[in-house]
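Here is the structure we will look at, set down as structure tokens.
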Amino acid sequence: MKDIYEDFDRAVCLRGEGRAKKETQWLKVVYGFNEPQLPNNVSSPNFSRIFATNTTAFELLVLKRKIMGPCWLQIKNPQVDNKGVSCTRTIVNHRENIREIVCATARIWSNIDIDDPTPPEALPCTVRTFVRPLDRFPPNFEVRASGNGKGLISPMKNERMLLNSLLVTIHRADPDVIVGHEFLGVSLDVLLHRMRELKADHWSRIGRFRRSRWPPIGRQGTNLRFLSGRLLGDLASDGAKDMITSTTWSLTEMCKTHLKSDRQDIDPDDTASYFDGGVSSPERLLTFVRHCELDAHYQMALAAKVQILPLTRQLTNLAGNSWNKTLNGGRAERNEYILLHEFHRLKYVCPDKLWGKKSAVAAKAENEDGDAEGGKTTKGKRDKYKGGLVFEPKRGLWDKYILVMDFNSLYPSIIQEYNIDFTTVESVEVDADGEEKIPEPPSSEVPQGVLPRLIATLVNRRRQVKSLMKDKKATPAQLLQWDIKQMALKLTANSMYGCLGFEYSRFYARPLAALTTFKGREILTHTRELAESMQLDVVYGDTDSVFVNSNVTELAEALKISAEFKKAVNDRYKLLEIDLDGIFQRLLLLQKKKYAAVKVEDGSRTSTEVKGLDMKRREYCVLSKTVSQYVLEQILSGEATEAVVERIHEYLTTIGEDVRGGKIKLDEFIIFKRLGKNPEDYPDAKSQPHVQVALRMKARGLTARAGDVIPYVFCIGEGGETAKTAQADRAKHPDEVRRSSDELKIDYEHYLAHQILPPIERLCEPIEGTDRARLAECLGLDPNRYRSAAESEERYFGTLDSLMSDAERFKDAEPFLVRCRSCRGQVAFAPISDRESSLLLPSGPACPACQSALGTASLQVQLETQIRGHIAKYYESWTVCDDPTCGNRTRMMGVYGRRCLRQGCRGTVAFEYSDATLYNQLRFYLSLFDAEKAVKTSTGSKADEVKALVDLQGDFLRTMAATAEKYLNQSGRRWVQLSTLFSFMKM
RNA sequence: GCUGUGAGCGU
DNA sequence: ATTACTATTGACGCTCACAGC
Ligand SMILES: [Mg+2]
Ligand SMILES: [Mg+2]
């Protein structure tokens with residue numbers, strides 16, 4: 001082997017379990033990357049282990065040269081930055097169901113300084129758009145295109161020419177950065193496949209690495225390597241999504257929220273209509289081309305607005321990783337590199353990167369855990385250790401000042417405060433019961449560890465930057481740059497903790513993470529106790545905050561209390577710092593992590609702060625959010641409850657009418673849900689609306705991949721579905737609804753019952769004077785279906801001491817029909833207190849028609865037969881639809897389904913003969929032979945008569961009652977089970 | 001109510 | 001007119017909808 005040199009080096013090994021091993025002697029061997037990699041598990045009498053056999057060239061270069069992110073390696077070039085934006089339009093070739101390129105815009109800015117806050121529209125750029133016909137261009141299109149304003153439009157003969165010209169443009173401009181929206185996931189994928197298919201010239205010019213032979217094109221969204229040498233800033237990448245607050249990250253939405261521009265949405269299925277040489281006009285195609293031009297601008301404007309490039313550069317400079325990785329997202333790698341740099345500098349040997357495996361520690365813990373599967377969350381991911389503490393909220397509407405006291409970056413502070421580090425914390429024993437114990441923090445003599453010092457450095461640098469920002473003479477450009485810097489420092493410090501508990505991390509150290517959160521819980525508990533010792537009421541708290549009820553109505557007094565409390569808390573810690581995060585004038589505390597408040601801004605201004613409520617979630621449509629917003633405003637208005645409740649009821653009534661009257665636009669009904677996996681990978685796609693919609697999108701040639709946010713609307717079923725699939729199948733893409741022109745109708749009832757009512761009900765839960773049934777009624781929904789279980793039960797059976805008479809209670813019960821063997825007549829067994837109709841005489845039961853006696857045994861058999869008939873009917877499980885226009889009666893359904901099976905009907909089915917009906921029937925039979933009740937319900941002179949009768953016929957009554965009771969007990973137990981187990985049936 | 005699945009808010 | 005390869009994942013705490021039992 002050549003190129004080898006040897007060198008003894010003292011180093012400390014950082015392996016696995018918490019504390020680093022002792023300093024030992026190492027032999028450093030270096031050889032070229034042209035030689036094969038050594039296996040990492042070999043040993044010999046001369047050495048026990050080899051480390052870093054699989055270190056990548058990138059890691060080595062960056063560490064050895066101490067390269068901390070983007071910088072010039074040879075200082076000979078002037079600062080040149082060339083940014084390009086590409087925007088492509090594709091069309092689905094339905095014959096082969098593949099996507100082709102029809103239009104592409106390259107918008108190029110040259111010599112840009114990314115820290116320059118000037119918006120892109122104020123900077124010069126060149127615009128070049130290539131467009132090709134599907135068959136032929138509309139007449140005169142070429143002429144009209146040449147007269148386009150700023151941007152150059154180049155009509156191309158075919159797709160291959162388009163691609164070639166695009167490649168030439170990219171080659172000439174040779175951009176350092178490509179900015180796009182869904183470029184990696186969509187555009188690049190189509191570009192690559194089309195370039196290969198059509199044998200485009202110099203295809204590798206899309207990147208800076210020249211190739212002639214095509215390497216395999218990987219899975220969609222994984223082909224970043226084709227762009228080697230250029231940076232890709234994709235607005236839809238995970239990295240960008242973390243920086244942009246948006247529900248869908250669609251271009252249209254981000255333009256609206258971040259640029260205040262109304263971007264026109266184009267239904268992909270309409271693309272062909274713009275191109276049709278016969279139908280379309282040149283103007284129409286031009287609008288399409290200009291739309292493409294404009295999108296390229298929007299993408300750049302958004303990138304500038306959210307500052308992806310400057311921020312990712314700062315993050316990369318801090319961590320010393322690759323800029324492209326930061327742009328693409330994934331925090332773990334940044335964290336890994338910042339630690340690699342630090343440990344390398346201090347001459348530690350770091351744990352090797354394990355490809356495709358969890359870290360050694362994680363794998364070991366897995367074996368020990370065995371099948372003792374802990375609390376699973378998603379994708380079989382277990383919770384590995386305990387996290388933050390959340391106090392049980394004291395629910396309700398608070399109207400005295402509430403002080404929100406919050407620890408400043410709790411976890412980074414804890415790591416510093418307790419000197420938590422790989423090198424300082426002793427490894428822990430595993431308990432007998434497999435429970436891992438929390439390690440002890442080191443004693444105060446132990447010198448500061450690597451991690452605490454790293455975080456301290458970051459925090460100090462941030463403090464310096466923030467003090468710079470206070471300078472009055474600072475230019476806006478400087479301020480912006482400093483703000484980005486301090487943001488990057490904060491993000492970096494805050495992400496250190498997360499990676500300690502990350503099982504795939506090279507620096508995985510679960511005990512350290514567990515210790516950090518443990519201290520967090522301890523601190524929060526102590527903080528609460530301190531507040532209570534100061535006679536302060538803590539109404540809520542989450543991980544690093546306590547909500548203190550000041551119980552005063554004067555702001556100055558509240559501030560005084562907060563200052564006292566703050567001092568009391570901060571005196572207990574060296575570094576840890578609590579601060580007043582905000583003051584709430586009113587607070588509606590609904591659940592853990594769910595509340596709304598009127599926050600006092602400086603002086604007299606206020607703002608509303610909402611956390612965790614349904615209206616913050618993308619799965620609730622705009623309409624639902626609007627209604628929630630109104631209701632919330634009323635509740636927080638501070639006015640008298642009656643007035644508030646009345647206004648809410650009124651509002652809901654008009655909403656119900658407006659919705660049913662079709663006065664609300666389609667956009668207000670759109671629901672969003674993200675695909676957690678690719679749509680094909682769902683085991684039960686049938687029951688998931690967003691998956692169904694995504695699958696249909698794919699069938700039409702559009703893309704729908706893991707991570708995409710799918711919009712959909714619930715429509716009225718067209719029929720042909722089974723009960724199981726009905727709900728999900730009724731979800732349609734908004735474009736489908738728009739295209740269908742009245743074919744598809746929005747399911748207004750569904751929206752009222754599932755999107756509007758539940759959030760409102762949750763908001764009003766602590767409000768006196770209204771309830772679910774009342775709210776449902778206002779919306780025009782059947783209040784009975786929304787009554788609470790207790791209420792429904794009352795309505796069924798009456799309360800125990802109800803005034804409801806038996807006649808009322810049993811009005812729907814079927815009578816006990818007695819057949820006389822002599823005269824073959826049939827008569828109902830009337831209540832015995834009803835002396836005129838009853839067939840029970842003091843001498844015994846007798847036929848009212850022929851006066852012959854009826855035997856006890858005969859009556860008993862007849863009763864049993866009829867009871868069995870009812871029970872059989874119950875088990876037949878006939879269901880009937882509640883929609884009066886349908887009335888479908890069937891037993892086709894699964895026992896627990898509720899949807900009507902009939903095509904096109906949206907009714908809800910209930911058991912025609914329900915458990916409640918059966919129960920009531922049996923109680924009716926029993927009541928017929930209830931001596932005590934008969935006496936009680938009789939009045940005046942009748943009472944004596946009845947009393948005498950039941951005394952004489954006691955045996956008969958007891959026999960019959962026992963018969964009824966036997967079945968009642970059997971079925972009664974069944975009923976109790978059903979009513980408690982399947983409480984949903986009594987909604 | 002339990003189980004499972006799927007959502008995504010919160011710190 | 002030269003390579004080429006995986007794989008890709010910050011933590012935990014809490015609520016909600018749906019299907020099935
Ligand atoms: Mg905090
Ligand atoms: Mg907080």
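A, B, ... follow the sequence lines: proteins, then strands. Residue 1 opens every chain.
Here A:Arg211 lies out of heavy-atom contact (under 4.0 Å) with every strand. As judged by a 4.0 angstrom heavy-atom cut-off over every strand, A:Thr222 is placed among the base-contacting residues. As judged by a 4.0 angstrom heavy-atom cut-off over every strand, A:Arg219 is placed among the base-contacting residues. Counting any heavy atom pair closer than 4.0 Å across all strands shown, A:Gly498 reaches a base atom.
One finds a salt bridge joining A:Asp542 and A:Lys593 here, because a Lys/Arg side-chain nitrogen approaches an Asp/Glu carboxylate oxygen to under 4.0 Å. Between A:Glu522 and A:Lys519 there is a salt bridge, since a side-chain N of the basic residue sits under 4.0 Å from a carboxylate O of the acidic one.
Of the candidate nucleotides C:dA17, B:G10, C:dG10, C:dG10 has the atom lying nearest to any side-chain atom of A:Phe502. Across B:G6, B:U11, B:G8, the shortest atom-to-atom separation from the side chain of A:Tyr682 is found for B:G6. Across B:U5, B:A7, B:G10, the shortest atom-to-atom separation from the side chain of A:Asp542 is found for B:G10. You'll find that the side chain of A:Thr543 is closest to B:U11, out of C:dA11, C:dC14, B:U11. You'll find that the side chain of A:Tyr504 is closest to C:dT9, out of C:dT9, C:dC14, C:dA17. Counting only heavy atoms from C-beta on, A:Arg617 has its side chain closest to B:A7 among B:U11, B:A7, C:dG13. For A:Phe209, counting side-chain heavy atoms from C-beta on, the closest listed nucleotide (C:dT3, C:dC14, B:G8) is C:dT3. Distances from the side chain of A:Tyr385 to the nucleotides C:dA17, C:dA11, C:dC14 place C:dA11 closest. The nucleotide whose nearest atom lies closest to any side-chain atom of A:His754 is, among C:dC18, C:dC16, C:dT9, C:dC18. Ranking C:dA17, B:U11, C:dT8 by closeness to the A:Lys593 side chain, first place goes to B:U11.
In this structure, the CG atom of A:Asn328 is 12 Å from the C1' atom of C:dT9, given to the nearest Å. Atoms CG (A:Asp614) and C1' (B:A7) sit 13 Å apart, rounded to a whole Å. The separation between A:Gln755 atom CD and C:dC18 atom C1' is 14 Å, rounded to whole Å. Between the CG atom of A:Asn408 and the P atom of B:U11 there is a distance of 15 Å, rounded to whole Å. Computed from coordinates, the A:Leu675 CG to B:G8 C1' distance equals 14 Å when rounded to whole Å. Rounded to an integer number of Å, the gap from A:His690 NE2 to B:G6 C1' is 7 Å. In this structure, NZ of A:Lys673 is placed 14 Å from P of C:dC16, rounded to the nearest angstrom. Between the C1' atom of C:dT9 and the CZ atom of A:Arg506 lies a distance of 17 Å, rounded to the nearest Å.
For the C1' atom pair drawn from B:G10 and C:dG10, the interatomic distance equals 16 Å after rounding to whole Å.
Scanning for salt bridge (Lys or Arg N to Asp or Glu O under 4.0 Å) contacts around A:Glu333 gives A:Lys325, with sequence neighbours left out. Take A:Phe407 and apply the ring-ring contact (aromatic ring centres under 6.0 Å, His included) test, not counting sequence neighbours, and it matches no residue.
Dashed line: the shortest gap from a side-chain N or O of A:Lys592 to OP1 or OP2 of C:dC14 is under 4.0 Å. Residue A:Gln727 places at least one side-chain N or O under 4.0 Å from the OP1 or OP2 atom of C:dC18. Between A:Lys384 and C:dC12, a side-chain N or O to OP1/OP2 separation shorter than 4.0 Å is present. Contact annotation: A:Arg618 reaches the phosphate of B:G8 (side-chain N/O to OP1 or OP2, under 4.0 Å).
Checked by atom type and distance alone, the side chain of A:Lys673 never pairs as donor or acceptor with a backbone atom of A:Val709 at under 3.5 Å.
If you look at A:Phe669 and A:Tyr751, their ring centroids are closer than 6.0 Å. The distance between the ring centers of A:Phe547 and A:Tyr595 falls below 6.0 angstrom.
Checked by distance alone, A:Arg331 brings no side-chain donor or acceptor within 3.5 Å of a matching partner on the base of C:dT9.
The nearest heavy atom of RNA chain B to A:Glu619 and to A:Ser545 marks one nucleotide each, and the one closer to the 5' end goes with A:Glu619.
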